[in-house]
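These notes are about the structure you will find just below.
Note that these values count all heavy atoms, side chains included, but never hydrogens, waters or copies made by symmetry. In what follows, every chain begins at residue 1, and chains take the letters A, B, ... in the order their sequences are listed.
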Amino acid sequence: MKIAITGGKGGTGKSTIATALALELSTDNKVLLVDADVECPDDHIILSTTREKVGDVHAILPSFDQEKCLKCGRCAEVCKENAVVFIKDKYPFIVSKQCNGCGACILTCPSGALTEGQQVIGAIYHGKCQQPYLKQEHDLLLLWGEMEVGCENTSLVVNATREYAENKASDYDCMLIDTAAGTHCNVISAMVDVDLALAVAEPTPLGRHDLELILQLLKIMEVSTKIIVNRSDIGDLKLIEQVSQENDVPIIQKVPYERDILKKHSRGQPVIHKNIEELAYALSEKS
Amino acid sequence: MKVAIAANGGSLDSQASPVFGRCSHLIVVDLVDGNFKDVKIIPNPTTTEGGVGIKTARMVGNEGVEAIISGSVGPNAFEVLTQLGIKTYQMVPGTVEENLTLLSQGKLQTLDPSARGRRGGMGGGGGGRR
Amino acid sequence: MNGAKKMKTITVLSGKGGVGKSTVTASLSVMLANDNKIVAVDCDADAPNLALVLGLEEENFDSWETLTTGEKIQLSEEKCKSLKFCPKCQGLQKCVDACKYSAITWNQEKDLPEINELLCVGCGACELACPVDALTLKKVENGRIGVGQTQYGFPIVSGQLKIGESGSGKVVNELRKKASEIAEDIQADYMILDAAAGIGCPVIASVRGNDYVILVTEPTPVAFWDLSRAIELVDHFNIPCGAVINRCGINRDFTYQLQDYFKDNDIPLLGTIPYDIRFVEALVNLKPAVVYEPNFKRVFEEIMDNCLLDMENIRY
């Protein structure tokens with residue numbers, strides 16, 4: 001079973017719910033938690049995991065053979081990112097940070113002066129939970145991608161992280177994928193081919209607005225979806241109930257904003273709450 | 001020496017620009033013994049694509065300049081300028097003309113793109129704050 | 001010297017979502033607008049919230065326009081069908097190999113490529129790879145941008161990425177272009193931009209070439225980790241910055257640690273915002289904090305004054 005935890009808005013509690021759920025599920029299941037928020041992955045902080053690099057993520061970076069170059073400038077013409085600089089009668093060159101690795105310039109070069117090289121755009125890490133507060137045994141591995149700062153083609157790092165996770169999937173009973181905020185390419189890549197998406201929302205006007213957006217995306221992606229209301233005791237629960245009805249997406253659980261949760265959040269600790277226990281139970285019943 | 005300066009307007013009286021890629025005009029001048037020859041005004045239209053700095057750097061590259069003056073240069077533009085062998089000088093607040101005169105007198109400093117946030121007092125010394 | 005003064009652009013950034021970017025942007029905008037002409041821009045095209053925080057609903061905007069700056073690949077099945085006779089390709093599925101974003105797969109049944117539009121970034125590599133021109137890039141609608149007047153006397157530019165489209169960075173670029181036009185019209189002194197969460201392409205597009213960055217964080221290990229990545233980004237683009245600690249009451253020890261960190265890294269602390277339930281109430285009531293609770297004015301006045309002072313100290 002592959003479950004994505006998403007939500008549109010930043011800071012609604014995606015990582016809080018994902019880590020808590022992973023801990024609950026991993027008491028009697030083998031769980032792989034994938035943090036696909038490669039811009040700002042946080043789950044390893046919340047779970048205080050070990051941090052072991054399993055590999056770099058590469059993108060194509062064209063490499064030039066000046067001897068073969070005709071100085072025709074076609075490579076610069078086809079580049080949508082303005083990453084190839086061509087000045088008449090000079091050899092073109094590539095600004096590596098701007099290159100999105102699509103390879104169009106390599107395909108268009110008439111003289112074979114461009115070939116596929118590589119650049120590192122991120123890395124994949126994994127780690128075991130080291131929480132000293134935990135009393136039980138947890139069969140949980142966290143896997144996460146981290147993009148290089150300043151790099152723009154983050155979805156390639158998400159894809160690579162997902163791919164690495166897919167290769168390991170058969171060793172686990174359950175895979176949880178924690179997505180980035182928003183609805184763009186990163187989030188889309190993180191949710192391709194999942195069995196279920198949990199959309200985390202808070203009951204405020206902003207929460208409603210962003211929940212509507214992520215539900216639209218999930219509808220286009222044809223992913224079965226359920227809503228989790230986080231901080232259900234602040235704001236107005238009706239706001240979310242309305243969206244739930246209008247979109248025919250059920251609310252599966254509500255998690256209140258208790259003092260204890262706030263304190264744990266401020267220390268960067270995972271939350272343990274009976275409502276998440278119930279949620280884990282409901283989900284494992286299904287799988 | 002042929003020089004391009006980032007400006008907030010299209011004349012020698014315009015203010016020099018603190019930014020490179022998104023400056024409104026580039027003014028290209030041939031500095032000969034402190035005189036300005038062949039003044040060329042190039043508008044730098046705001047575009048919506050990425051890589052604005054790269055484009056602007058390519059533009060000055062096409063003009064065949066040896067140096068540019070600007071308040072700051074983004075990392076990508078700096079890479080292009082370096083590859084093209086174009087020197088970068090740090091502007092001082094004032095007009096285009098004032099900056100060009102200072103450069104011809106050898107009084108402008110080279111720009112250090114790694115110094116965070118252009119902080120501190122002028123002319124080194126550092127620690128302009130606190 | 002000629003008189004035309006240059007508008008200053010300020011981006012509010014945090015890395016982590018939900019630490020209070022929009023709260024800070026909205027209240028600072030209201031305070032700044034008291035004595036200056038400003039334009040506010042919501043650069044979170046994925047999940048735009050700033051207009052809502054300023055009490056402006058989508059339908060009350062003055063205008064909305066559709067953007068068609070996105071590109072997607074389209075397949076002509078007829079042209080591709082000729083592929084079996086094509087001496088160059090002969091079912092080599094060159095387009096599949098060319099796509100580095102896994103957006104093209106080969107449908108064995110139909111013997112045709114299949115395009116996953118959700119994953120296509122419009123780079124055009126497959127177009128170049130196809131020997132029979134069966135694939136072409138087409139302009140597509142990728143979002144919309146709107147302009148509205150807030151009740152606090154300044155305009156806001158906000159956008160919305162079309163759901164399922166990639167490239168929110170492109171929408172941000174359009175937003176900034178629109179905002180610059182408006183700023184020129186009204187002779188604005190400041191443009192204030194509210195960035196999206198994260199440090200990826202839309203955030204880079206909102207930070208690039210700006211005069212100042214306000215980093216918003218809260219005293220939690222998670223927010224701090226994300227902040228340090230955001231600072232790396234700001235340093236990469238060489239932009240001066242100052243910091244604001246939000247909800248400083250939730251963890252005092254960590255607040256002190258943050259203060260030390262800023263001191264060590266020569267990042268001025270512009271101000272701290274207490275943890276107060278009235279900030280949540282303000283959001284729920286769709287009012288900027290300084291309007292909902294006038295007592296908060298002091299907090300944001302300090303941040304604003306320190307920010308403007310620091311900007312003056314910077315050598316341009």
Side-chain angles (χ1 to χ4, degrees), chain A residues 8-15 37-40 42 45-46 59-60 78 80-81 97 100-104 106-108 147 149-156 159 180-189 192 204-206 209-210 213-214 216-217 220-221 234-236 262-263 265-268, chain C residues 14-19 21-22 44-49 52-53 71 98 100-102 116 118-119 121-125 127-129 160-161 163-169 196-204 218-222 225-226 229-230 232-233 236-237 250-251 254 280 283-284 286:
Chain A
K9 186 167 164 13
T12 47
K14 290 179 293 295
S15 295
D37 182 359
V38 301
E39 295 176 31
C40 291
D42 291 332
I45 307 275
I46 300 175
I60 290 175
V78 297
K80 304 268 180 205
E81 304 292 323
K97 282 268 180 191
N100 72 353
C102 73
I106 300 171
L107 288 163
T108 203
M147 64 162 233
V149 174
C151 155
E152 295 197 41
N153 37 345
T154 45
S155 67
L156 289 177
N159 288 346
T183 56
H184 62 311
C185 43
N186 279 352
V187 181
I188 296 173
S189 299
V192 172
T204 63
L206 310 185
H209 177 253
D210 296 347
L213 297 173
I214 195 79
Q216 275 182 48
L217 176 66
I220 295 173
M221 294 182 72
I234 62 160
D236 183 1
L262 179 66
K263 211 187 276 170
H265 173 67
S266 83
R267 292 195 203 129
Chain C
S14 71
K16 181 167 160 37
V19 298
K21 275 185 305 294
S22 297
D44 188 353
D46 280 35
N49 287 148
L52 273 179
V53 178
E71 283 184 297
K100 306 300 176 209
Y101 288 84
S102 329
N116 185 341
L118 286 170
L119 298 178
V121 298
C123 67
E127 186 180 23
L128 291 163
Q160 175 69 62
L161 179 75
I163 300 296
E165 287 296 316
S166 54
S168 34
I199 52 168
C201 76
V203 178
I204 290 175
E218 58 178 25
T220 65
V222 168
W225 163 260
D226 291 351
R229 284 178 59 87
E232 244 184 278
L233 183 77
H236 178 71
F237 287 101
I250 59 173
N251 191 330
F254 210 91
V280 183
L283 278 180
V284 171
L286 301 180

Which one of [options] has the most heavy-atom pairs closer than 4.5 Å to chain C?
| options | answer |
| --- | --- |
| A:Gly13, A:Cys185, A:Gly150 | A:Gly150 |
| A:Val187, A:Leu213, A:Thr154 | A:Leu213 |
| A:Ser15, A:Pro205, A:Gly182 | A:Pro205 |
| A:Leu206, A:Ile46, A:Thr108, A:Leu217 | A:Leu206 |
| A:Ile234, A:Ile188, A:Thr204 | A:Ile188 |

Does any backbone or side-chain atom of [X] lie under 4.5 Å from a heavy atom of chain A? Answer side chain, backbone, both or neither.
| X | value |
| --- | --- |
| C:Leu161 | side chain |
| C:Ala196 | neither |
| C:Ile204 | side chain |
| C:Leu119 | side chain |
| C:Leu286 | side chain |
| C:Glu127 | neither |

Fill in: Trace of the side chain to side chain contact (heavy atoms under 4.5 Å, CB included) decision for C:His236 with A:Lys97
CA-CA 11 Å; C:His236 178 71; A:Lys97 282 268 180 191; 3.9 Å; yes
Item to complete: Check step by step if side chain to side chain contact (heavy atoms under 4.5 Å, CB included) holds for A:Ser266 and C:Phe254.
Response: CA-CA 9 Å; A:Ser266 83; C:Phe254 210 91; over 6 Å; no
Discussion item. C:Lys100: which residues meet the salt bridge (Lys or Arg N to Asp or Glu O under 4.0 Å) condition with it, sequence neighbours left out?
Written reply: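 Expected list: A:Glu116.
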Where does [X] contact chain C at under 4.5 Å (heavy atoms): side chain, backbone, both or neither?
| X | result |
| --- | --- |
| A:Thr183 | both |
| A:Ile106 | neither |
| A:Val192 | side chain |
| A:Asn153 | side chain |
| A:Lys14 | neither |
| A:His209 | side chain |

Which pair of heavy atoms, one from [X] and one from [Y], lies closest together, and at what distance?
| X | Y | answer |
| --- | --- | --- |
| A:Met147 | C:Gly200 | CE-CA, 4.4 Å |
| C:Arg229 | A:Val38 | NH2-O, 3.3 Å |
| C:Asp46 | A:Ala181 | OD2-O, 4.4 Å |
| C:Ala98 | C:Ala129 | CB-CB, 3.6 Å |

Worksheet item: For C:Lys16 and A:Cys40, what are the C-alpha separation, side-chain angles and deciding distance, and is it a side chain to side chain contact (heavy atoms under 4.5 Å, CB included)?
Response: CA-CA 7 Å; C:Lys16 181 167 160 37; A:Cys40 291; 5.8 Å; no
Discussion item. Please determine whether side chain to side chain contact (heavy atoms under 4.5 Å, CB included) holds for the pair A:Asp236 and C:Val284, giving the CA-CA distance in whole Å, both sets of side-chain angles, and the decisive distance to 0.1 Å.
Written reply: CA-CA 8 Å; A:Asp236 183 1; C:Val284 171; 5.7 Å; no
Worksheet item: In terms of heavy-atom pairs under 4.5 Å with chain A, which of C:Leu52, C:Asn251, C:Asp226, C:Val222 leads?
Response: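 Highest number of pairs under 4.5 Å: C:Asp226.
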Worksheet entry | C:Asn49 and C:Asp44: CA distance, side-chain angles, deciding distance, side chain to side chain donor-acceptor pair (under 3.5 Å) verdict | CA-CA 8 Å; C:Asn49 287 148; C:Asp44 188 353; over 6 Å; no
